[in-house]
**Q** 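Encoded as structure tokens, here's the structure I'll be asking about.
Whatever order the structure lists ligands and atoms in, that order sets their numbers, starting from 1. These numbers come from a predicted model, not from an experiment. All residue numbers refer to positions in the sequence shown, counting from 1.
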Amino acid sequence: MTAPLDTLGRPLGNLRISVTDRCNLRCAYCMPEEEYRWLPKEHLLRFEEIARLARVFASLGVTKVRLTGGEPLLRHELHELVRQLAAIEAFDDLALTTNGLLLAEQADALADSGLKRITVSLDTLRADTFEALTRRSGLERVLAGIDAASRRWPGRVKLDTVVMRGTNDGEVLALLDFARERGLELRLIEYMDVGGATKWNPQAVVPREELLALIETRHARAEPLPDRERAPAERFRLADGTVFGIIASTTAPFCGACDRARLTADGTWYLCLYARIGLDLRELVRGGKSEAEIAARVRDVWTRRADRGAEVRLEELARGPLVGLETLRRDPHLEMHTRGG
Ligand code: SAM
Ligand code: SF4
Ligand code: SF4
């Protein structure tokens with residue numbers, strides 16, 4: 001079957017699968033509220049259902065899969081899902097994004113089941129900042145998780161840092177040193193006005209230019225690397241060989257090459273991080289449709305895709321949070337922690 005292209009000529013190459021909307025942290029940029037409305041348990045796809053959908057996406061050209069959440073390691077026996085996905089030949093990349101809290105105890109099972117790469121979110125090296133930012137303790141466990149990841153996926157561990165002005169922007173150089181000493185690739189992410197970031201304001205964003213200027217106060221010029229392809233991160237190399245990335249989704253989005261779609265834990269498929277409406281694939285899977293029938297539906301929807309959410313946001317003059325609390329309560333699918341980062 002030929003791979004479909006959307007209305008802007010973008011293929012469907014990359015699928016992020018959220019395996020739970022639950023999380024054991026409450027990061028200020030993602031889950032700043034006291035109360036959340038969770039997806040009903042009976043709606044969560046079973047591993048066999050996720051694997052079935054993954055095969056559908058593989059038949060349409062997806063080669064890269066990333067497991068996410070919420071916190072994916074909260075999903076019971078996650079390594080079993082990894083084993084089922086690793087058996088799909090079309091996938092040349094099978095990765096996971098985690099906050100790292102439960103990683104030290106799960107790294108062996110995940111690596112043995114076929115997980116190829118891992119990204120750990122690390123916003124600070126200070127316990128007090130960690131607690132203020134996540135409203136939970138556990139920095140030591142995250143650092144132990146990063147150590148375990150370095151042992152099991154040498155050369156294939158990334159660290160993701162959301163930089164917020166006044167919170168952790170003073171630690172960018174320390175985080176770069178931390179990553180460099182361990183041979184990990186740090187990626188600095190601009191704070192995004194996604195659903196759920198209800199405290200977002202433009203002043204709290206540290207833009208790409210400022211991050212580069214800050215790094216160049218300590219290091220000689222950061223040389224841009226040419227091989228970006230469809231990846232959201234721009235990569236740079238420092239004179240000592242250290243490679244790091246910047247994901248400038250807020251000030252310099254990269255929608256034109258975006259081949260990513262997202263599947264929530266209850267089987268809703270979104271064509272863009274900012275999309276308001278998704279397609280209910282759970283209904284199709286549980287309604288007895290064949291993989292070919294589901295593939296035909298997915299293909300049809302993808303060929304009509306015109307989403308360029310972050311670029312559209314850039315055109316907003318008075319930019320504030322994407323959606324208000326009332327709307328999020330009505331539809332938790334709009335939350336970043338439901339949709340997966
Ligand atoms: N819980 C896991 C974690 O934090 O790594 C995986 C899910 S989390 C939603 C995935 C990524 O989204 C994380 O790296 C997080 O930093 C990022 N993220 C969440 N809210 C964001 C925001 N408002 N702006 C930029 N990145 C955000
Ligand atoms: Fe933080 Fe990830 Fe949890 Fe969001 S889902 S609160 S980014 S750990
Ligand atoms: Fe892709 Fe939407 Fe993000 Fe743009 S905003 S890069 S189209 S997911």
Side-chain angles (χ1 to χ4, degrees), residues 6-8 10 12-33 36 66-75 78 95-103 118-124 130 133-136 138 142 145-146 149 158-164 167-168 186-201 204-206 230-233 247-262 264-265 270-276 305-314 321-322 335-341:
D6 72 6
T7 62
L8 300 175
R10 300 169 296 186
L12 171 51
N14 195 311
L15 183 68
R16 303 196 172 196
I17 303 176
S18 171
V19 293
T20 177
D21 56 332
R22 305 275 174 155
C23 192
N24 43 8
L25 294 181
R26 289 290 179 275
C27 302
Y29 48 75
C30 179
M31 299 186 75
E33 307 301 329
Y36 283 94
R66 176 173 293 273
L67 297 175
T68 179
E71 173 44 42
L73 302 192
L74 287 176
R75 180 80 188 243
L78 183 69
L96 174 125
T97 302
T98 172
N99 64 28
L101 274 178
L102 300 172
L103 185 54
I118 195 153
T119 301
V120 185
S121 296
L122 180 71
D123 299 321
T124 177
F130 185 91
L133 186 64
T134 68
R135 286 191 281 146
R136 300 286 187 274
V142 175
I146 292 171
K158 292 198 173 101
L159 298 179
D160 273 6
T161 303
V162 178
V163 186
M164 291 174 85
T167 302
N168 63 346
L186 182 72
R187 300 182 327 163
L188 301 166
I189 304 175
E190 289 180 350
Y191 182 17
M192 293 168 70
D193 55 350
V194 285
T198 50
K199 311 283 190 249
W200 189 90
N201 69 80
V205 178
V206 182
R230 292 187 180 276
I247 302 183
S249 311
T250 301
T251 68
F254 197 54
C255 301
C258 174
D259 65 349
R260 287 186 298 286
R262 292 172 164 81
T264 61
Y270 287 93
L271 305 187
C272 174
L273 199 46
Y274 288 85
R276 300 289 176 128
R305 176 187 191 236
D307 298 72
R308 35 187 289 280
E311 287 181 357
V312 171
R313 292 293 290 162
L314 204 54
L322 179 71
E335 297 271 4
M336 179 76 151
H337 72 266
T338 307
R339 194 160 291 194

**Q** List the closest protein heavy-atom neighbour of atom 8 (S) of ligand 3: residue, atom name, distance to the nearest 0.1 Å.
**A**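 Result for atom 8 (S) of ligand 3: Leu273 N, 3.3 Å.
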**Q** In a check of side chain to side chain contact (heavy atoms under 4.5 Å, CB included) between Tyr29 and each of Met192, Met164, Met336, which one passes?
**A**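 Checked Met192, Met164, Met336 against Tyr29; only one passes side chain to side chain contact (heavy atoms under 4.5 Å, CB included): Met164.
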**Q** Does ligand 3 have a heavy atom under 4.0 Å from the side chain of Glu311, from its backbone, from both, or from neither?
**A**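 Neither; no heavy atom under 4.0 Å.
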**Q** List every atom of ligand 2 that sits less than 4.0 Å from any heavy atom of Asn99, numbering the atoms from 1 in the order shown and giving each element.
**A**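 Answer for ligand 2: 8 (S).
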**Q** Tell me if a side-chain donor or acceptor on Thr119 pairs with a main-chain N or O of Leu159 at a distance below 3.5 Å.
**A**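 Not a single qualifying donor-acceptor pair exists.
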**Q** Relative to the heavy atoms of Glu71, which atoms of ligand 1 are at a distance of less than 4.0 Å?
**A**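 Those of ligand 1 that fall under 4.0 Å from Glu71 are 1 (N), 2 (C).
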**Q** Under 4.0 Å, heavy atoms only, figure out whether ligand 1 is touched by the backbone of Thr98, its side chain, both or neither.
**A**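 Backbone only; the side chain of Thr98 stays clear of ligand 1.
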**Q** For atom 5 (O) of ligand 1, what's the nearest protein heavy atom and its distance?
**A**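 Among all protein heavy atoms, the one nearest atom 5 (O) of ligand 1 is Ser121 OG, 2.6 Å.
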**Q** Looking only at non-hydrogen atoms, which of Cys23, Ala197, Gly100, Gly341 approaches atom 2 (Fe) of ligand 2 most closely?
**A**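 That would be Cys23.
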**Q** How close do Ala310 and Cys255 get, heavy atom to heavy atom, and via which atoms?
**A**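 Closest approach of Ala310 to Cys255, heavy atoms only: N-SG, 3.8 Å.
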**Q** Examine Gly70 against ligand 1 and note whether any of their N/O atoms are separated by less than 3.5 Å.
**A**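 By distance alone, the answer is yes.
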**Q** Determine whether the side chain, the backbone, both or neither of Val162 has a heavy atom under 4.0 Å from any heavy atom of ligand 1.
**A**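 Answer for Val162: side chain.
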**Q** Got an N, O or S from Cys30 under 2.8 Å of atom 3 (Fe) of ligand 2?
**A**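 No N, O or S atom of Cys30 is closer than 2.8 Å to atom 3 (Fe) of ligand 2, so no.
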**Q** So, Asn99 and Glu71: side-chain donor and acceptor under 3.5 Å apart, yes or no?
**A**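 Judged by distance alone, the side chains do pair up.
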**Q** Please check this pair: side chain of Arg339 against backbone of Leu273, looking for a donor-acceptor N/O pair closer than 3.5 Å.
**A**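 Yes, because the side chain of Arg339 sits within donor-acceptor range (under 3.5 Å) of the backbone of Leu273.
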**Q** Of the backbone atoms (N, CA, C, O) and the side-chain heavy atoms from C-beta on, which set of Arg262 has a member under 4.0 Å from an atom of ligand 3: side chain, backbone, both, or neither?
**A**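 Arg262 to ligand 3: side-chain contact only, backbone stays beyond 4.0 Å.
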**Q** Which residue holds the protein heavy atom closest to atom 17 (C) of ligand 1, what is that atom called, and what is the gap in Å?
**A**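 Its nearest protein heavy-atom neighbour is Met336 CE, 4.1 Å.
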**Q** Closer than 3.5 angstrom, by distance alone: can the side chain of Arg305 be matched with the main-chain N or O of Leu271 as a donor-acceptor pair?
**A**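 Indeed, once roles are kept as given, a pair shorter than 3.5 Å links the two residues.
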**Q** What heavy-atom pair brings Tyr191 and Ala28 nearest, and what distance separates the two atoms?
**A**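 Minimum heavy-atom separation between Tyr191 and Ala28: OH-O, 4.4 Å.
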**Q** Measure the distance from atom 24 (N) of ligand 1 to every protein heavy atom, then report the residue, atom name and distance (to 0.1 Å) of the closest one.
**A**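 Answer, as residue, atom name and distance: Met192 N, 2.9 Å.
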**Q** Give me the nearest non-hydrogen protein atom to atom 4 (Fe) of ligand 3 as residue plus atom name, then the distance to 0.1 Å.
**A**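 Going atom by atom, the protein heavy atom closest to atom 4 (Fe) of ligand 3 ends up being Cys255 SG, 2.3 Å.
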**Q** Show which atoms of ligand 1 fall inside a sub-4.0 Å distance from at least one heavy-atom site of Thr68.
**A**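 With Thr68 as reference, the close atoms of ligand 1 come out as 6 (C), 7 (C).
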**Q** In ligand 1, which numbered atoms sit nearer than 4.0 Å to a non-hydrogen atom of Asn99?
**A**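 This gives 2 (C), 3 (C), 5 (O) as the contact atoms.
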**Q** Which is closest to atom 1 (Fe) of ligand 3 in terms of heavy atoms, Pro232, Gly309, Ala310, Cys258?
**A**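 Ranked by closest heavy atom to atom 1 (Fe) of ligand 3, first place is Cys258.
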**Q** Heavy atoms only: give me the nearest Ile118-Ala149 pair and the separation to one decimal.
**A**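 Of all heavy-atom pairs spanning Ile118 and Ala149, the closest is CG2-CB, 3.9 Å.
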**Q** Side chain of Thr98, backbone of Gly100: donor and acceptor closer than 3.5 Å?
**A**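 Indeed, once roles are kept as given, a pair shorter than 3.5 Å links the two residues.
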**Q** Take Arg10 and Asp259, measure what salt bridge (charged side-chain N to carboxylate O under 4.0 Å, His left out) needs, and give me the verdict at the end.
**A** CA-CA 6 Å; Arg10 300 169 296 186; Asp259 65 349; over 6 Å; no
**Q** Among all protein heavy atoms, pick out the one at the shortest distance from atom 3 (Fe) of ligand 3; state its residue, atom name and that distance to 0.1 Å.
**A**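 Sorting protein heavy atoms by distance from atom 3 (Fe) of ligand 3 puts Arg260 NH2, 4.2 Å first.
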**Q** Could you tell me, atom by atom, which parts of ligand 2 come under 4.0 Å of a heavy atom of Met31?
**A**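 Matching atoms, with element in brackets: 6 (S).
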**Q** Indicate yes or no for a side-chain donor-acceptor contact from Arg66 to the backbone of Ala95 under 3.5 Å, with no hydrogens or angles considered.
**A**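 No, Arg66 side chain to Ala95 backbone: no donor-acceptor pair under 3.5 Å.
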**Q** Are the side chain of Arg75 and the backbone of Val19 linked by a donor-acceptor contact shorter than 3.5 Å?
**A**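 Confirmed, Arg75 side chain pairs with Val19 backbone.
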**Q** Which residue owns the protein heavy atom closest to atom 6 (S) of ligand 2, what's the atom, and how far is it?
**A**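 Ranked first by proximity to atom 6 (S) of ligand 2 is Cys27 N, 3.4 Å.
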**Q** Does one side chain, of Asp21 or Tyr36, offer a donor that lies under 3.5 Å from an acceptor on the other?
**A**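 There is no such pair (donor and acceptor under 3.5 Å, judged by atom type) between the side chains of Asp21 and Tyr36.
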**Q** Write out the residue and atom name of the closest protein heavy atom to atom 11 (C) of ligand 1, then the distance separating them to 0.1 Å.
**A**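 Here the closest protein heavy atom is Gly341 CA, 4.1 Å.
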**Q** Which ligand 3 atoms are under 4.0 Å away from a heavy-atom of Tyr274?
**A**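 In order of number, 5 (S).
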**Q** Would you please determine whether Glu190 falls within less than 4.0 Å of ligand 1 on a heavy-atom basis?
**A**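 It does, in that a heavy atom of Glu190 comes within the 4.0 Å cut-off of ligand 1.
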**Q** At the 4.0 Å heavy-atom cut-off, does Ser249 count as touching ligand 1?
**A**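 Per 4.0 Å heavy-atom rule, Ser249 does not contact ligand 1.
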**Q** Which heavy atom of Ala275 sits nearest a heavy atom of Asp307, and at what distance?
**A**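 In this case the closest contact between Ala275 and Asp307 is CB-OD2, 3.9 Å.
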**Q** Kindly confirm or rule out an N or O of Tyr29 lying under 3.5 angstrom from an N or O of ligand 1.
**A**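 Among all N and O atoms of Tyr29, at least one is under 3.5 Å from an N or O of ligand 1.
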**Q** Evaluate the side-chain contact (heavy atoms from CB on, under 4.5 Å) criterion for residues Phe130 and Leu25: first the C-alpha distance (whole Å), next the side-chain angles of each, then the deciding distance (0.1 Å), finally the verdict.
**A** CA-CA 10 Å; Phe130 185 91; Leu25 294 181; 4.1 Å; yes
**Q** Enumerate the atoms of ligand 2 whose separation from the nearest heavy atom of Tyr29 is less than 4.0 angstrom.
**A**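 With Tyr29 as reference, the close atoms of ligand 2 come out as 7 (S).
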**Q** Does the Arg16 side chain pair with the main chain of Gly341, one donor and one acceptor, at a distance under 3.5 Å?
**A**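 Yes, the answer is positive, given that a donor and an acceptor are paired below the 3.5 Å cut-off.
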**Q** Does some non-hydrogen atom of Gly70 fall short of 4.0 Å from ligand 2?
**A**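 The answer is yes, since Gly70 has a heavy atom less than 4.0 Å from ligand 2.
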**Q** Does Tyr191, backbone or side chain, put an N or O under 3.5 Å from an N or O of ligand 1?
**A**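 No, Tyr191 has no N/O under 3.5 Å of an N/O on ligand 1.
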